[in-house]
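Numbers here are sequence positions counted from 1. All heavy atoms count here, side chains included; hydrogens, waters and symmetry mates do not.
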Amino acid sequence: MLKYLKKYWIYCLLAPLFMLGELTMDLLQPDMMATIVDEGVLGGNLQVILQEGLRMMLLVLFGGTSGVLCGVFATFAALRFGNDIRKDLFARVMDFSFEQTDRFTTGSLITRITNDVTQMEQLVMMLVRSLVRCSVMFVGGIIMLYRQSPRFALVAACGLPFITVFVVFFLKKVSPLYTVIQKKLDRLNSIMQENIAGARVVKAYVKEDYELKHFSQANDELCDVNLRAQTILAFMNPCVNIVLNLCVVGVLYVGGYTVSQNGGITPGQTMAAITYLSLILMRIVFMANIFQTFTRASASWKRIKEVLETENVQQAGEGKQEAGRKGEIEFRHVSFAFPDTPDLPVLKDISFRVNPGETVAIIGSTGSGKTSLVQLIPRFYDVTQGEVLVDGVNVWDYPMQALRDKIGIVQQKTELFSRSIEENIRWGKEEAKESEVSRAARIAQAEDFILRMPEGYEAQVAEGGHSLSGGQKQRISIARAVIRDPEILIFDDSGSALDLKTEAALYDALNREFAETTKIVVAQRIASVRQADRILVLDNGEIRDSGTHEELLEHSAVYQEIYRSQMKREVTA
Ligand code: CTP
Ligand code: MG
């Protein structure tokens, strides 16, 4: 945490310094008031009233200005500090592997980047303002009270232990609740995020009430814990007030008695003493607030640190990769299970080789492991056994960027950003020229529909790509991949939303323009794979057969079965 504050040390220093100015005002004012009352009002001396009044005005001006400056510097330090942490958190989250993002959950990551950082900002604000203010006021108040009369200080000394006991008691009860509150907030954010993103599904199934119940439950739970914490704290103030008022009575008694006995205490001093007394005792309550913020922030800091200290589990290599462009892929006895289900192998002993420039298709029923298989090539996940080689080098030995630069992958679930179509395509290669963007769109069979839109390439894509059809989204993400002109192109069911004619035109264009590029085409339709140089038939995580369309039709029972079922469908349709 200090690492983040160090940059703003000057503000952290200036804020408390100006705070001292404000404090001087607060501490001297009651004393001046005592002089005005004793010498001016009771002594009938107008001169003193005017003189002291003027001094008090100047003091207020000085104190007020200091207060404003203190606030400005403290806010600056706190917000900049939070800003830096948020940036680092976001960068760290961007660096997470798929497995790590899955483990933290999106909702929790959002809470950490927003709410937890806000708690930390409040802590900094409080440290540079309230902590200094509280301690100086507390000590200064005692000194000033003692100056009025040591007897008053004795009264304060009697009240102090009681207030401290109350405050400690309540805080102990409330502190553990803060961790619970943050967990509940995580859950609420997860539910919200899922439901807002999936609003279309919720509506399609008319599940609004069902999801509202789900949300309300989480919301109520959060509210209950918050209420519990606030109720406990609500009891604290009256208890403190009782002690405080008892002490005021004590001061009045001591003051009144001594004044009547002519014992050296004036009415003005008694009045000032009451102000100082509340100043001192109320500091304990403020200290409690500081402690609360501290407890909340330390729970938040733990969660922030957890993210900041999580290194990407995937250690990248140092750059042993061979120079030159080839595009060769080899799987050697690869087995794979997802990290959260290690006993459930998704791929079993997969071995195959794709030569540079070859087009290999992977076909198989849903859930057979096609997506899992292709995700191992750019290391979205790591193999459990065996090895994956690209251009003869184990993918583990590549620096991550070098590996991923070689590959253009169109994922099964299209993710577009809420920017223009052109920006979405250019996303694959920022420095691409306009001609490259339109070439990529042409190859992806996207140009026609883009130019038909009134705004063409400038048309804005709505959040989640909702303003486009499924097939249009797929084609834009294909354009985004091909614009990179990679050595290896991977299409994970990328033609599934295209009609057969468009899909055929897409593969024709790819074969023409990317003849040298290695292509892996994952598909469920025979029509999508029959042109491939080789087809791998995946069944329940294993490669059953491989060969050309004709070869497979001859000797692969699984392929024949897929073929027959699709032919039957086409005939009946
Ligand atoms: N799976 C999993 N955890 C994930 C993703 C998938 O446990 N994060 C499991 C799925 O339940 C499935 C298996 O891994 O049983 C293979 O999934 P996948 O590779 O996605 O199958 P595909 O062949 O790509 O299926 P589809 O045709 O439906 O895309
Ligand atoms: Mg899949």
Side-chain angles (χ1 to χ4, degrees), residues 83-84 86-98 101 109 113 312 314 316-317 319 321 323-327 374-375 377-380 390-391 395 398-451 453 455-468 472-492 494 506 509-510 512-514 516-520:
N83 200 28
D84 289 353
R86 254 195 305 269
K87 251 191 252 165
D88 279 4
L89 276 174
F90 188 70
R92 177 62 58 193
V93 171
M94 289 285 101
D95 189 45
F96 277 177
S97 68
F98 284 26
T101 319
L109 287 173
I113 298 177
N312 190 327
Q314 294 182 308
Q321 84 273 21
R325 192 187 149 96
K326 289 205 285 191
V374 293
Q375 284 186 336
I377 305 171
R379 281 192 75 189
F380 290 165
V390 169
D391 290 346
V395 286
Y398 280 96
M400 207 55 102
Q401 175 150 14
L403 174 69
R404 291 185 181 163
D405 275 350
K406 281 173 176 279
I407 302 164
I409 183 166
V410 183
Q411 280 166 279
Q412 187 167 20
K413 185 170 180 289
T414 31
E415 304 272 4
L416 296 180
F417 294 91
S418 35
R419 299 167 200 179
S420 72
I421 290 188
E422 185 185 335
E423 279 175 282
N424 268 290
I425 299 178
R426 205 185 276 279
W427 206 80
K429 183 181 174 188
E430 280 169 47
E431 69 284 2
K433 292 194 218 75
E434 220 162 276
S435 58
E436 290 178 77
V437 175
S438 58
R439 174 174 173 256
R442 235 180 354 261
I443 296 171
Q445 308 301 307
E447 193 163 61
D448 275 0
F449 86 80
I450 296 175
L451 292 180
M453 291 181 163
E455 291 165 53
Y457 281 95
E458 290 308 311
Q460 289 295 315
V461 176
E463 191 185 58
H466 291 310
S467 55
L468 298 169
Q472 289 172 336
K473 274 195 286 194
Q474 276 190 343
R475 280 176 280 170
I476 291 185
S477 53
I478 293 171
R480 181 173 64 188
V482 299
I483 201 171
R484 297 162 67 99
D485 191 14
E487 288 169 46
I488 299 165
L489 271 169
I490 301 172
F491 300 99
D492 187 359
S494 312
L506 166 74
L510 283 171
R512 209 174 42 244
E513 305 270 345
F514 290 97
E516 308 279 293
T517 311
T518 309
K519 292 179 272 303
I520 295 199

- Stepwise, does the salt bridge (Lys or Arg N to Asp or Glu O under 4.0 Å) test hold for E513 with R442? CA-CA 11 Å; E513 305 270 345; R442 235 180 354 261; over 6 Å; no

From [X] atom [atom1] to [Y] atom [atom2], the distance as rounded to the nearest 0.5 Å:
| X | Y | atom1 | atom2 | answer |
| --- | --- | --- | --- | --- |
| Q375 | D492 | CD | CG | 7.0 Å |
| L468 | Q474 | CG | CD | 12.0 Å |
| L506 | F491 | CG | CZ | 6.0 Å |
| L109 | F96 | CG | CZ | 6.5 Å |
| Q472 | D448 | CD | CG | 11.0 Å |

Listed pairs under 3.5 Å, donor-acceptor, residues 86-93 side chains, sequence neighbours left out:
residue	atom	partner	partner atom	Å
R86	NH2	E121	OE2	3.3
D88	OD2	Y4	OH	2.6
R92	NE	L308	O	3.3

- Minimum side-chain heavy-atom gap D95-M400 below 4.5 Å: no

- Message: If we check side chain to side chain donor-acceptor pair (under 3.5 Å) with R426, which of these qualifies: E423, E422, E430?
- Response: E422

Minimum heavy-atom distance [X]-[Y], with the two atoms named:
| X | Y | answer |
| --- | --- | --- |
| L416 | I476 | CD2-CG2, 3.9 Å |
| I478 | A444 | CG2-CB, 3.8 Å |
| A441 | I425 | CB-CD1, 4.3 Å |
| S467 | A462 | OG-N, 2.9 Å |
| G408 | A481 | C-CB, 4.2 Å |
| I483 | A440 | CB-CB, 3.8 Å |

- Query: Restricting to pairs with a member in residues 472-483, which pass salt bridge (Lys or Arg N to Asp or Glu O under 4.0 Å), not counting sequence neighbours?
  - Reply: none

- Could you give all pairs that pass the ring-ring contact (aromatic ring centres under 6.0 Å, His included) test and reach residues 420-440, with sequence neighbours left out? F417-W427

I'd like to know if the side chain of [X] and the backbone of [Y] have a donor-acceptor N/O pair within less than 3.5 Å.
| X | Y | value |
| --- | --- | --- |
| R404 | R379 | yes |
| K406 | D391 | no |
| E487 | K326 | yes |
| Y457 | E434 | no |

- Using the side chain to side chain contact (heavy atoms under 4.5 Å, CB included) rule, take I377 and I520 through it: C-alpha gap first, then chi angles, then the decisive distance, then the call. CA-CA 11 Å; I377 305 171; I520 295 199; 3.8 Å; yes

- Query: Do D405 and R484 pass the salt bridge (Lys or Arg N to Asp or Glu O under 4.0 Å) test, and can you show the C-alpha distance, the side-chain angles, and the key distance before you say yes or no?
  - Reply: CA-CA 8 Å; D405 275 350; R484 297 162 67 99; 3.6 Å; yes

- Which one of I490, V395, T518 satisfies the side chain to side chain contact (heavy atoms under 4.5 Å, CB included) criterion with I407? I490

